[in-house]
> 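Here you go, one structure.
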Amino acid sequence: MPYKNRRSSYATFILIFVALKILLNLFAISHFGFHRDELLHLVLGDHLDWGYKEVPPFIALLAKITLDVFGDSVFAARIFSTMAGALIIWLTGLITAELGGRRFAITLACLSLIFSPAFAASGYLFQPVVFDQLWWVVTVWLFVKYLNTANVNYVYWLGVAVGLGMLTKYTMAFFTASLIVGILISRERKLLFNKHVLYSALIAVLIFLPNIIWQFTHHLPVIHHMQELRETQLEYLHPLDFIEQQVLVNGVALFVWFTGFCFLLFSFKLRRFRYLSIAYILIFLFLLEMNGKNYYLFGAYPMLFAAGGFAFERLLNRNYYILRTAAILLFVIPNLLLLPLVLPVLPLNRTVAFIKNTQRRLPFLNFLTKWEDQKQHPLTQDYADMLGWDEMAQKAGEAYHSLTPEQQKHAQLYADNYGQAGALHHYRHKYNLPEVTSLNSSFQLWAADSLSAKYIIYVDDDDNVERRLAPLIESYRETGHITNPLARERNSRIYILTNPSPKLNEVYKAELAKKRLQ
């Protein structure tokens, strides 16, 4: 069959797995509530700009489209994420075909990826993670297409993909550098020595340029954010933990991607694509050295799954139908059985029971329920971060509406962290709340210039907040707290502060000025 017709027939076949990915997400998409990070990213859609404290602007544009076109429900928020996850499956199948794989290779690669715990967990939440993965996979597919066809159009599309990837998450820069170094080390280095590659690089820089300008005009907040991340989260991570998690995050599909990695590195059949395995080694070592979180590397696995599908197709002759079927079942069924750990396909109570049972029977998976505080919990951190937000907004609304209409005219709403602030912003219409102020995360970019209202509805999860605020206000009273025992925000409290002293506003203004310089 001619190259073009063969690829076209495989493209149609891959749609089966794309549909399966979408169906799985749709089944789980509305269970639980908004994730803490989703609430932040949705807020960005109401404050469009070329950059933010934590992320580039691509996620904000998607948030704006989501809110304007699809609405503000949990289901609506996860439509683009589901589409991105489906495209990752689509492109993985196409890469498998480009490597020379046929239907069995495509089936094994796509099914392994769909049910991999890493991709099931990261492929439905409205976060930059899944879109970052998508641009990594797009970049690999374009590189492979260019190598197979010598069509320079793919080089120019590479520039677009890298530029948009940089506007999505800065990790795109490290992966692109790894691919370039990998190609320079391999025999395919001639790919980079032409004017089209330089023009493509220029396209990428021009697309990313507005964010570069924004970063410099805002005192390079990405550097300060990375420093804060290292001090508060990454310092708890150890190289051995990173290695262990890379082994475990894909479950039994480890044997598929690792076989693919070995084939890329050593097989004569895939020698032209050896730069992909070199790129994986380089980005792995970089993230290991930087104490990166385990999901930073996820975008590099689809190309290895594609190679793994090809490898098993070569190892298992097409006449070995039983062995091929057994391979698919072996590398998919165990991950399917563990799916509720990473994708909310079960109601909350059943999910809690399932996790408890798994912790007892499979203790080597307990890293999934170890939070950033390095302690074990009854839910994964992602699941716990999806609980309690509506309750918080409701109780903040009750506190606000306990004030008289005249008092409400002299009231402000303040939240300590971005999850709390995101929830109060998102549910502000539902509970008729004023706009929230916070100095955490990107909220500081549009925070109120002063905190001087006579009445302040204050939301905080700090156990010492009362001692800290007492000298700065005339009186305060707690009006409620988050009661959900499974929520990460459990015991976050809502206060009404009355007649704050000028010192409170001075402290607020000083902190605001400091943060805006970071």
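We're numbering straight along the sequence, starting at 1. Note that the structure is a prediction, hence the values are computed from the model and not measured. What's counted below: heavy atoms across the whole structure, side chains too, no hydrogens, waters or symmetry copies.
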> Applying side-chain contact (heavy atoms from CB on, under 4.5 Å) between Ser492 and each of Met392, Glu391, Lys395, report the one that passes.
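The passing option is Met392.
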
> For residues His41 and Phe126, report the shortest heavy-atom separation together with the two atoms involved.
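For His41 versus Phe126, the nearest heavy atoms are ND1-O, 3.2 Å.
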
> Donor-acceptor check, side chain of Thr369 to backbone of Asn366, threshold 3.5 angstrom: yes or no?
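Here the side-chain-to-backbone pair exists.
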
> State, yes or no, whether a side-chain contact exists between His401 and Gln408 at a heavy-atom distance under 4.5 Å.
yes

> Knowing that exactly one of Phe174, Phe175, Phe242 qualifies, which makes a ring-ring contact (aromatic ring centres under 6.0 Å, His included) with Phe284?
Phe242

> Would you say that Asp390 contacts Lys430 through its side chain, given a criterion of any heavy-atom pair below 4.5 Å between the two side chains?
yes

> Can you tell me if Trp90 has over 12 outside heavy atoms packed within less than 6.0 Å of its CH2?
yes

> Show every salt bridge (Lys or Arg N to Asp or Glu O under 4.0 Å) that has at least one partner inside residues 378-389, sequence neighbours left out.
Arg36-Asp385, Asp385-Arg488

> Is the Trp214 ring parallel, tilted or perpendicular to the Tyr52 ring (thresholds 30°, 60°)?
tilted

> Within a strict 4.5 Å, meaning less than it, do heavy atoms of the Pro344 and Tyr124 side chains meet?
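When only atoms from C-beta onward are counted, Tyr124 and Pro344 do touch, with a gap below 4.5 Å.
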
> Can you tell me how far apart CG (Leu62) and CE (Met83) are? Round to the nearest 0.5 Å.
9.0 Å

> Carefully, step by step, assess Thr92 and Phe17 under the rule side chain to side chain contact (heavy atoms under 4.5 Å, CB included).
CA-CA 10 Å; Thr92 300; Phe17 306 104; over 6 Å; no

> Could you give me the CA-CA distance, side-chain angles and deciding distance for Leu164 and Val138, then say whether side chain to side chain contact (heavy atoms under 4.5 Å, CB included) is met?
CA-CA 11 Å; Leu164 292 175; Val138 168; over 6 Å; no

> Do Ile95 and Pro302 have side chains that approach each other closer than 4.5 Å (heavy atoms only, starting at C-beta)?
no

> Spell out, as yes or no, whether a donor-acceptor pair under 3.5 Å connects the side chain of Asp132 to the backbone of Gly299.
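Flag not set: sc Asp132 to bb Gly299 has no pair under 3.5 Å.
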
> Give a yes or no on this: more than 12 heavy atoms of other residues, nucleotides or ligands lie within 6.0 Å of atom CH2 of Trp50.
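Counting other residues, nucleotides and ligands, CH2 of Trp50 stays at 12 neighbours or fewer.
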
> Under the criterion side chain to side chain contact (heavy atoms under 4.5 Å, CB included), I'd like the reasoning laid out for Phe27 against Leu24: C-alpha separation, chi angles, the key distance, then a yes or no.
CA-CA 5 Å; Phe27 186 72; Leu24 273 176; 5.7 Å; no

> If you compare all heavy atoms of Phe32 against all heavy atoms of Leu346, which two are closest, and at what distance to 0.1 Å?
CE2-O, 4.0 Å

> Side chains of Glu398 and Thr479, heavy atoms from C-beta outward: is any pair under 4.5 Å?
no

> In Å, rounded to the nearest 0.5 Å, how long is the span from CD1 of Ile457 to CG of Leu497?
8.0 Å

> Looking only at heavy atoms, which two atoms of Tyr295 and Lys169 are closest? And how far apart?
CE1-NZ, 4.4 Å

> Please test Leu134 against Leu91 for side chain to side chain contact (heavy atoms under 4.5 Å, CB included), starting from the C-alpha separation and ending with a verdict.
CA-CA 9 Å; Leu134 175 60; Leu91 289 165; 3.9 Å; yes

> Closest approach of Gly85 and Val130, non-hydrogen atoms and distance?
N-CG2, 3.9 Å

> Run the salt bridge (Lys or Arg N to Asp or Glu O under 4.0 Å) check on Glu406 and Lys409 step by step: do they pass?
CA-CA 5 Å; Glu406 182 61 29; Lys409 295 178 183 178; 3.6 Å; yes

> Hey, what do you get for NE2 (His377) to CH2 (Trp371), rounding to the nearest 0.5 Å?
4.5 Å

> Tell me if a side-chain donor or acceptor on Ser501 pairs with a main-chain N or O of Leu472 at a distance below 3.5 Å.
yes

> Write down the atom of Gln412, the atom of Ser452, and the distance for their closest heavy-atom approach.
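Gln412 and Ser452 have their closest heavy atoms at OE1-N, 3.1 Å.
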
> Please output the side-chain donor-acceptor pairs of residues 418-427 that fall under 3.5 Å, not counting sequence neighbours, one pair per line with the distance.
from: Tyr418; atom 1: OH; to: Asp37; atom 2: OD1; distance (Å): 2.5
from: Gln420; atom 1: OE1; to: Asp416; atom 2: N; distance (Å): 3.1
from: Gln420; atom 1: OE1; to: Asn417; atom 2: N; distance (Å): 3.1
from: Gln420; atom 1: NE2; to: Glu489; atom 2: OE1; distance (Å): 3.0
from: His425; atom 1: ND1; to: Glu435; atom 2: OE1; distance (Å): 3.2
from: His425; atom 1: ND1; to: Glu435; atom 2: OE2; distance (Å): 2.8
from: His425; atom 1: NE2; to: Asp46; atom 2: OD2; distance (Å): 2.7
from: His425; atom 1: NE2; to: Arg428; atom 2: NH1; distance (Å): 3.2
from: His426; atom 1: NE2; to: Asp72; atom 2: O; distance (Å): 2.8

> For the residue pair Leu512 and Ala448, what are the closest heavy atoms and their distance?
CD2-O, 3.6 Å

> Spell out, as yes or no, whether a donor-acceptor pair under 3.5 Å connects the side chain of Ser116 to the backbone of Leu113.
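Here the side-chain-to-backbone pair does not exist.
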
> Is there a donor-acceptor pair under 3.5 Å between the side chain of Thr66 and the backbone N or O of Ala77?
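Not at all, since once roles are kept as given, no pair shorter than 3.5 Å links the two residues.
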
> Could I get the full list of side chain to side chain contact (heavy atoms under 4.5 Å, CB included) partners for Val352, not counting sequence neighbours?
Leu348, Leu379, Leu486

> Decide yes or no for Gln246 and Asn294: does some side-chain heavy atom of the first lie under 4.5 Å from some side-chain heavy atom of the second?
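Yes, side chains in contact.
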
> Under 6.0 Å from the CZ atom of Arg350, do we count more than 12 heavy atoms belonging to anything else shown?
no

> Near Arg360 CZ, under 6.0 Å, is it more than 12 heavy atoms from other residues, nucleotides or ligands?
yes

> Is it the case that the side chain of Ser438 and the backbone of Ala415 share a donor-acceptor pair, with hydrogens and angles ignored and the cut-off at 3.5 Å?
yes

> Can you tell me how the ring of Tyr508 sits relative to the ring of Tyr414, calling it parallel under 30°, perpendicular over 60° and tilted otherwise?
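Answer is perpendicular, since the angle exceeds 60°.
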
> Output the distance between atom CG (Asp460) and atom CG (Leu469), rounded to the nearest 0.5 Å.
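Asp460 atom CG to Leu469 atom CG measures 7.5 Å (nearest 0.5 Å).
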
> Indicate yes or no for a side-chain donor-acceptor contact from Glu474 to the backbone of Thr498 under 3.5 Å, with no hydrogens or angles considered.
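Side chain of Glu474 to backbone of Thr498, a donor-acceptor pair under 3.5 Å: no, none is there.
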
> Can you tell me how far the OG1 atom of Thr171 sits from the CD atom of Gln133, to the nearest 0.5 Å?
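Taking OG1 in Thr171 and CD in Gln133, the distance rounds to 9.5 Å.
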
> So Phe443 and Leu40, do their side chains get closer than 4.5 Å, heavy atoms only?
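Counting from C-beta outward, Leu40 and Phe443 do come under 4.5 Å.
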
> Could you give the distance from CG (Asn491) to CG (Asp461), rounded to the nearest 0.5 Å?
9.5 Å

> Is there a side-chain contact between Tyr400 and Pro434, using heavy atoms and a 4.5 Å cut-off?
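Counting from C-beta outward, Tyr400 and Pro434 do come under 4.5 Å.
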
> Does Asn250 reach the main-chain N or O of Ala118 with its side chain, forming a donor-acceptor pair under 3.5 Å?
no

> Can you establish whether the number of heavy atoms outside Phe70 located under 6.0 Å from its atom CZ is more than 12?
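Atom CZ in Phe70 is packed in, count exceeds 12.
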
